[in-house]
Undergrad: 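Starting off with a structure, shown below.
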There are 4 protein chains.
Amino acid sequence: MPGPAPSRRNERSRRAILTVALDLLTETGYSDLTVEAIAARAGVGKQTIYRWWRGKGAVILDALVDAAGDIALPDTGDLGADLRAVVRGTVAEFADPRLSATTRALTIETLADDELADQVRDRLLRPQLDAVRLRLRAGQRAGQVRGDVDLDQVIELLFGPVYHRWLLRTGPLTDAYADGVVELAMAAIAP
Amino acid sequence: MPGPAPSRRNERSRRAILTVALDLLTETGYSDLTVEAIAARAGVGKQTIYRWWRGKGAVILDALVDAAGDIALPDTGDLGADLRAVVRGTVAEFADPRLSATTRALTIETLADDELADQVRDRLLRPQLDAVRLRLRAGQRAGQVRGDVDLDQVIELLFGPVYHRWLLRTGPLTDAYADGVVELAMAAIAP
Amino acid sequence: MPGPAPSRRNERSRRAILTVALDLLTETGYSDLTVEAIAARAGVGKQTIYRWWRGKGAVILDALVDAAGDIALPDTGDLGADLRAVVRGTVAEFADPRLSATTRALTIETLADDELADQVRDRLLRPQLDAVRLRLRAGQRAGQVRGDVDLDQVIELLFGPVYHRWLLRTGPLTDAYADGVVELAMAAIAP
Amino acid sequence: MPGPAPSRRNERSRRAILTVALDLLTETGYSDLTVEAIAARAGVGKQTIYRWWRGKGAVILDALVDAAGDIALPDTGDLGADLRAVVRGTVAEFADPRLSATTRALTIETLADDELADQVRDRLLRPQLDAVRLRLRAGQRAGQVRGDVDLDQVIELLFGPVYHRWLLRTGPLTDAYADGVVELAMAAIAP
DNA sequence: ATCTAATCGAGACGGTACGTCGGGTCTTCGG
DNA sequence: CCGAAGACCCGACGTACCGTCTCGATTAGAT
């Protein structure tokens with residue numbers, strides 16, 4: 001039983017490109033992230049990038065998907081505590097200039113490319129959000145969440161404010177802020 | 001007591017530039033919005049744009065600030081109804097491809113230019129959010145909102161989910177959705 | 001008695017490459033004659049071309065050498081008539097857009113590659129010119145050509161003008177023109 | 001009475017481009033003559049080249065036209081001597097590797113671009129050939145040239161062999177060779 | 001009612017990056 | 001074990017815009 005079509009793709013080049021893309025982003029920011037710069041630093045021809053990706057946006061996405069480990073939320077039984085942990089994580093990510101640069105770049109690309117936007121949602125974010133929904137469903141079964149609330153809406157209730165604050169720079173992104181968001185959300189979904 | 005420095009600025013050109021910027025955005029999208037295109041269509045030299053704006057981002061911002069009328073939330077006494085109205089408005093704006101194109105473009109520019117981001121927040125969004133906060137404060141005084149909640153957080157609770165869904169394309173942007181968001185938020189802040 | 005080193009070269013591929021090269025030249029001209037195009041159309045890997053030729057110039061040369069039959073000038077006894085025949089032939093070749101395309105391509109390659117230039121001279125042109133020299137020598141023996149003229153110079157006197165006119169596009173390439181050239185040349189070498 | 005439309009073209013850039021083009025040709029040869037290299041060395045944007053020229057071929061042509069001084073053949077009364085002088089000049093030009101590199105490059109471009117070919121003929125060569133024709137006509141009037149010969153054909157008789165030998169590398173390009181060519185041609189046109 | 005200097009439309013300029021093409025080399029895999 | 005297939009690195013192509021910089025030609029304020 002043969003595996004998938006044996007691609008002749010050069011794995012060394014693929015890794016180099018993804019690594020360099022993230023390096024450039026954290027080092028010099030989005031404005032210096034050009035396909036030419038990636039190719040040059042990775043010791044790769046531009047065509048090798050265009051052969052496998054639609055543009056730098058797709059490269060960043062792949063880099064992040066590659067980097068993102070499996071994310072499973074803990075279930076300590078204390079729903080509030082578990083949510084605080086995950087929201088704190090997201091807030092920290094947005095607060096870190098290094099990590100934030102990546103998100104910023106990907107968001108820009110996403111806003112200008114619908115197809116990329118769909119892939120970012122499906123391949124990068126869906127797994128993370130699904131993990132949260134799983135934890136929420138457990139909480140719902142445990143009676144800590146009203147039975148009639150739409151869990152997807154709860155997810156947006158938890159992360160929407162964080163995105164809002166990050167995008168609009170309307171306030172600090174701290175643990176305390178994360179806790180406040182969770183507290184309000186918990187109030188909204190408590191039975 | 002003299003007024004501000006009497007500018008020799010050509011008002012006709014200024015109007016043309018702002019109008020053309022929005023036209024191009026809704027007609028052909030962000031990728032075709034270049035300073036050269038604006039100048040050409042507006043019958044204006046490029047220098048006239050760079051003389052008065054830092055770049056196309058600043059032009060869009062000015063165009064939107066110009067277009068945005070005074071926004072004062074109604075106070076019907078029914079806080080939920082009033083919030084539904086405003087959130088429905090925002091959702092409708094994001095759902096409309098034409099209007100959304102403008103927001104999309106400005107968001108891209110914002111993500112790549114910190115100074116512009118600050119101006120967008122202060123000149124474009126703050127007034128809108130302030131109007132909401134005003135209405136919330138009235139509700140708080142009327143005992144419809146718990147006294148200990150941070151109103152800025154409530155605002156994020158209302159609009160964050162909308163931004164989240166718009167940015168990540170995780171679901172439809174409809175009136176029903178707006179109502180759902182408000183309902184959850186109201187549950188979170190009810191005394 | 002064994003023949004030459006038994007090459008493992010694929011004759012079918014060799015023929016296909018040479019044929020395709022000439023086809024492409026007459027169909028789409030020099031600018032579309034790329035090694036990649038030849039390989040693709042011939043159903044051959046690029047390496048197979050580079051393995052056996054230095055580049056597309058060498059391919060064209062081989063194709064022409066392959067195509068060029070043995071050329072022996074007739075000797076009707078009338079030197080003028082015989083020369084008219086051969087010069088008319090050359091002029092016709094240059095006048096034909098199809099055949100001319102090949103010459104044009106080979107000339108370009110020749111001008112940029114000294115080694116190729118030598119091979120073109122020795123393998124493609126020398127035999128043709130030698131045939132003319134042979135005829136001239138016969139004429140010289142018959143007393144139709146002055147004994148002191150350098151026959152190589154006469155050859156240039158016959159074909160130089162044709163090349164000149166072809167290269168510089170300074171006039172039509174017709175039989176009448178060919179005859180005129182021969183007439184002048186005959187006047188130059190008549191005893 | 002106004003002059004021609006006042007072009008805003010930058011003369012300094014124009015000169016730099018033409019100079020650099022010839023420099024590169026004589027220094028490193030045709031294969032290193034790229035539009036990018038010219039632009040870089042001339043301290044000029046590529047667009048400035050493409051704005052005013054169709055490609056590097058047109059640049060070389062302009063450079064040569066610029067460099068070519070007015071060429072008027074001397075008329076010493078001795079037609080043979082005068083022709084020897086001019087043919088020797090052409091032969092020397094072809095023999096000089098430096099100057100020949102320029103001709104080689106322009107010829108390549110010419111063979112691949114019909115429009116350029118016409119311009120080379122009209123702007124660069126015609127003046128030179130016309131000068132020769134003028135001298136020939138004077139000789140004709142003086143009875144040194146048969147009245148029935150086509151002077152354009154005589155010109156080809158003089159220069160054709162030189163081009164032939166240069167292009168095909170069939171022999172040395174020396175003064176003696178030039179003299180031989182003229183001698184033969186003189187024999188062909190003598191009354 | 002001039003003067004005069006900022007502003008205007010226009011667009012050339014030096015640059016950077018784009019996305020594509022082809023060159024010549026190297027690797028994989030099927031016949 | 002050759003050859004088709006084609007990925008690879010590289011360099012140049014010609015184009016699109018960037019933001020700056022002249023150019024006259026208005027043009028509006030101060031004189």
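Note that this is a predicted model, so its numbers are computed, not measured. Letters A, B, ... mirror the listed sequences (proteins, then strands); counts begin at 1. Every heavy atom of this structure was used, including side-chain atoms; hydrogens, water molecules and symmetry mates were not.
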Undergrad: Is it true that A:Asp114 and B:Arg169 make a salt bridge, defined as a side-chain N closer than 4.0 Å to a carboxylate O?
TA: yes
Undergrad: Sequence neighbours excluded, which residues qualify as side chain to side chain contact (heavy atoms under 4.5 Å, CB included) partners of A:Ala40?
TA: none
Undergrad: What's the OH-P distance between C:Tyr50 and F:dA4, to the nearest Å?
TA: 15 Å
Undergrad: Quickly work out the D:Ile38 CD1 to F:dG14 P distance and round it to whole Å.
TA: 11 Å
Undergrad: Can you name the ring-ring contact (aromatic ring centres under 6.0 Å, His included) partners of A:Trp53, sequence neighbours left out?
TA: none
Undergrad: Run C:Ile38 and C:Leu33 through side-chain contact (heavy atoms from CB on, under 4.5 Å) and show every step you take.
TA: CA-CA 7 Å; C:Ile38 297 174; C:Leu33 183 79; 3.9 Å; yes
Undergrad: Tell me, please, which residues at least two apart from A:Arg15 pass side chain to side chain donor-acceptor pair (under 3.5 Å).
TA: A:Asp66
Undergrad: Report yes or no: is the cationic atom of A:Arg14 (NZ for Lys, CZ for Arg) closer than 6.0 Å to the six-membered ring centre of A:Trp52, at no more than 45° off its axis?
TA: no
Undergrad: Kindly give the atom pairs (protein nitrogen or oxygen, nucleotide nitrogen or oxygen) under 3.5 Å for nucleotides 9-12 of chain E.
TA:
unit_1	atom_1	unit_2	atom_2	d
E:dG9	OP1	B:Ser13	OG	2.9
E:dG9	OP1	B:Gly43	O	3.4
E:dG9	OP2	B:Gly45	N	3.2
E:dG9	OP2	B:Thr48	OG1	2.7
E:dA10	N3	D:Arg8	NH1	3.4

Undergrad: Check the distance between F:dT15's P and D:Arg54's CZ and give it to me in whole angstrom.
TA: 11 Å
Undergrad: What is the distance, to the nearest angstrom, from the NZ atom on D:Lys56 to the C1' atom on F:dG11?
TA: 12 Å
Undergrad: Taking CZ in B:Arg12 as the centre, count heavy atoms belonging to other residues, nucleotides or ligands within less than 6.0 Å. Is the count above 12?
TA: no
Undergrad: Would you kindly give the CG-to-C1' distance between A:Asp113 and E:dG19, to the nearest whole Å?
TA: 15 Å
Undergrad: Under the rule for side chain to side chain contact (heavy atoms under 4.5 Å, CB included), what residues qualify as partners of A:Ala112, not counting sequence neighbours?
TA: B:Ile108
Undergrad: Would you kindly compare A:Thr34 and C:Ala37 by the position of their nearest DNA chain E nucleotide and give the one closer to the 5′ end?
TA: A:Thr34
Undergrad: Take atom CD of B:Glu11 and atom C1' of E:dT7, then tell me their distance rounded to the nearest Å.
TA: 14 Å
Undergrad: Whole Å only: how far is the CZ atom of D:Arg12 from the P atom of E:dG14?
TA: 10 Å
Undergrad: Could you list by number each residue of residues 19-33 of chain C showing a heavy-atom separation from DNA chain F of less than 4.0 Å, or answer none if no residue does?
TA: none
Undergrad: Just one of B:Val120, B:Thr103, B:Leu22, B:Leu99 clears the side-chain contact (heavy atoms from CB on, under 4.5 Å) bar with B:Leu64, so which one?
TA: B:Leu22
Undergrad: Within this structure, what is the CD1-to-C1' distance between B:Ile49 and F:dT20, rounded to whole angstrom?
TA: 14 Å
